[in-house]
Amino acid sequence: MKFKELGLDDRLLEGISAIGFEDATPVQEQAIPKIISGKDIIASAQTGTGKTAAFLLPVIHQILQADDDQSNIKALIIVPTRELAVQIDQQMEGLSYFTSVSSIAVYGGGDGQSFSREKSALSQGADVIIGTPGRLIAHLNLGYVQVSNLKCLVLDEADRMLDMGFHDDLMKIISYLPKQRQNLMFSATMPPKIRDLARKILQEPDEINIAISKPAERVAQAAFILYDNQKIPLAKYLLKAKKLQSVIIFCSTKNSAKQLSKELKKLEFSVEDIHSDLEQGEREQVLRDFKNKKLSILVATDILSRGIDVEDIELVVNYDVPNDGEDYIHRIGRTARAASKGVAFTFVNEKEQNKFYAIEKLLETPVPKGKLPASIGEGPEYKPRTGSRSNGRKKYNSRKKRK
DNA sequence: AAAAAAT
């Protein structure tokens, strides 16, 4: 379906075609008319499905239609990470370019001036605020944010926000908002705690389900079964094998990311690590350089596994097996966007075999096992425990840990 | 079990 058929404001259509969008994605096709009709929405959709535009477009559209030129907040978008706030604000800029609708991103970690900049912008008013929970609360507590005219609340990556312990923060923010408002909730997964949150916040929502997250068929996947000390040599080997312009390597800990990036720097790769130990300014610089292809290899924690969109990634390496099958799908979904095809490698050490097997079960298909190059040596056998104990996800019957 | 997020 074309965007033109969705009944959006002409000024928005101009922005859409300036960005080069033409056809709406399935989630956009379903969500946009429903949101314009004023319904609450709960949608399961992951990054790469066009989810952001699916809520930004109708939100901007409604602001344009209301034709209320008062400068107070009309929509609030809450997201889990600072990087995501920045990215959504950038997309907002593009889509709203030919309109008078304004937006501002607010998030922590700035240089001290950023708070006062945000404060004065918020005092003057903006139509749309995009922010991380802690910083939003800080601003709301100080009382200059005019939310009395707010019409719409968006929770993006809601499951991730709950995982990060933001439940109480979300409820606190919501307590500031007018009761009469539209609510849109997006979540990659729909576990019971998300349903509970939805019951608390949404009113008779329509549900949108975008088919469960199977990795794109264009992603060629392979797993290397190896010993832990073979990970660094194999990473070096794979990166040296081919000249690649855009690679993300995911690690499960900050330390593992730092260590690997240090090793790769020794070989003069164009590489940086990104995680929460970096100052916010550094984080943004690294991500910008990577998006602009000034930097070819990014070693990242799960700070980037969800939500962040970079074009033309050729290779994703799971240097560690992600803790959650959904994270695996999110991570490898970074590659093979649009017309390009991509490759995803996963390194599986002995301790990670069961976790990886659980992911294969979630994918409902085994991932082909790559042969280690001779210079790396022999790896162990792939012998995951396939019994019910190691289904890796919820362990309802495990006894409570005693401290 | 680790990551992220307000100062």
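Owing to the predicted nature of the structure, the values given are computational and were not obtained by experimental measurement. Only heavy atoms go into these numbers, but all of them, side chains included; no hydrogens, no water, no symmetry mates.
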Worksheet item: Is the phosphate of B:dA3, meaning OP1 or OP2, less than 4.0 Å from a side-chain N or O of A:Ser252?
Response: no
Item to complete: Starting at atom OH of A:Tyr328, determine the distance to atom P of B:dA2, rounded to an integer number of angstrom.
Response: 23 Å
Item to complete: Write out all pairs satisfying side-chain hydrogen bond (donor to acceptor under 3.5 Å, both in side chains) with one or both partners inside residues 106-116 of chain A, taking only residues at least two apart or from two chains.
Response: A:Tyr107-A:Glu284
Fill in: Between P of B:dA3 and CG of A:Asp273, the distance in whole Å
13 Å
Worksheet item: Is the shortest distance from a Lys or Arg side-chain nitrogen in A:Asp302 or A:Arg331 to a carboxylate oxygen in the other one below 4.0 Å?
Response: yes
Worksheet item: Expressed in angstrom and rounded to an integer, what is the separation of A:Asp302 atom CG from B:dA1 atom P?
Response: 16 Å
Distance-only donor-acceptor hits, side chain of residues 153-164 of chain A, under 3.5 Å, sequence neighbours excluded:
from	atom 1	to	atom 2	distance (Å)
A:Asp156	OD1	A:Lys51	NZ	3.0
A:Glu157	OE2	A:Lys51	NZ	2.9
A:Asp159	OD1	A:Ser187	OG	3.4
A:Asp159	OD2	A:Ala188	N	3.4
A:Asp159	OD2	A:Thr189	N	3.0
A:Asp159	OD2	A:Thr189	OG1	2.7
A:Asp159	OD2	A:Arg306	NH1	3.1
A:Arg160	NH2	A:Asp327	OD1	3.3
A:Asp163	OD1	A:Lys193	NZ	2.9

Practice prompt. Whole angstrom is fine here: how far is it from CZ in A:Arg331 over to P in B:dA3?
Written response: 12 Å
Discussion item. Which residues in residues 134-141 of chain A have a heavy atom closer than 4.0 Å to any atom of DNA chain B?
Written reply: A:Gly134, A:Arg135
Worksheet item: What class does the angle between the rings of A:Phe115 and A:His139 fall in, given that below 30° is parallel, 30 to 60° is tilted and above 60° is perpendicular?
Response: parallel
Worksheet, complete the sentence: Whole-Å distance, A:Asp111 CG to B:dA6 P, equals 15 Å
Fill in: OP1 or OP2 of B:dA3 under 4.0 Å from side-chain N/O of A:Arg82
no
Discussion item. Tell me whether A:Gln65 at atom CD has more than 12 heavy atoms from other residues, nucleotides or ligands lying less than 6.0 Å away.
Written reply: yes
Worksheet item: With a 4.0 Å cut-off on heavy atoms, is A:Phe166 in touch with a base, just the backbone sugar-phosphate, or nothing at all?
Response: base
Discussion item. Mind checking if A:Gly109 touches a base, just sugar-phosphate, or nothing, with heavy atoms under 4.0 Å?
Written reply: sugar-phosphate
Worksheet item: With a 4.0 Å cut-off on heavy atoms, is A:Asp163 in touch with a base, just the backbone sugar-phosphate, or nothing at all?
Response: base
Fill in: Proximal nucleotide (of B:dA6, B:dA5, B:dA3) relative to the A:Thr81 side chain
B:dA5
Discussion item. Could you tell me how far apart A:Gln280 (CD) and B:dA6 (C1') are, to the nearest whole angstrom?
Written reply: 12 Å
Practice prompt. Answer yes or no: does atom NZ of A:Lys262 have more than 12 heavy-atom neighbours from other residues, nucleotides or ligands under 6.0 Å?
Written response: no
Item to complete: Send over the distance from A:Leu142 CG to B:dT7 C1', rounded to a whole Å.
Response: 12 Å
Worksheet entry | Spacing between A:Asn318 atom CG and B:dA2 atom P, to the nearest angstrom | 18 Å
Worksheet item: Which pair of heavy atoms, one from A:Val145 and one from A:Ile129, lies closest together, and at what distance?
Response: CG1-CD1, 4.1 Å
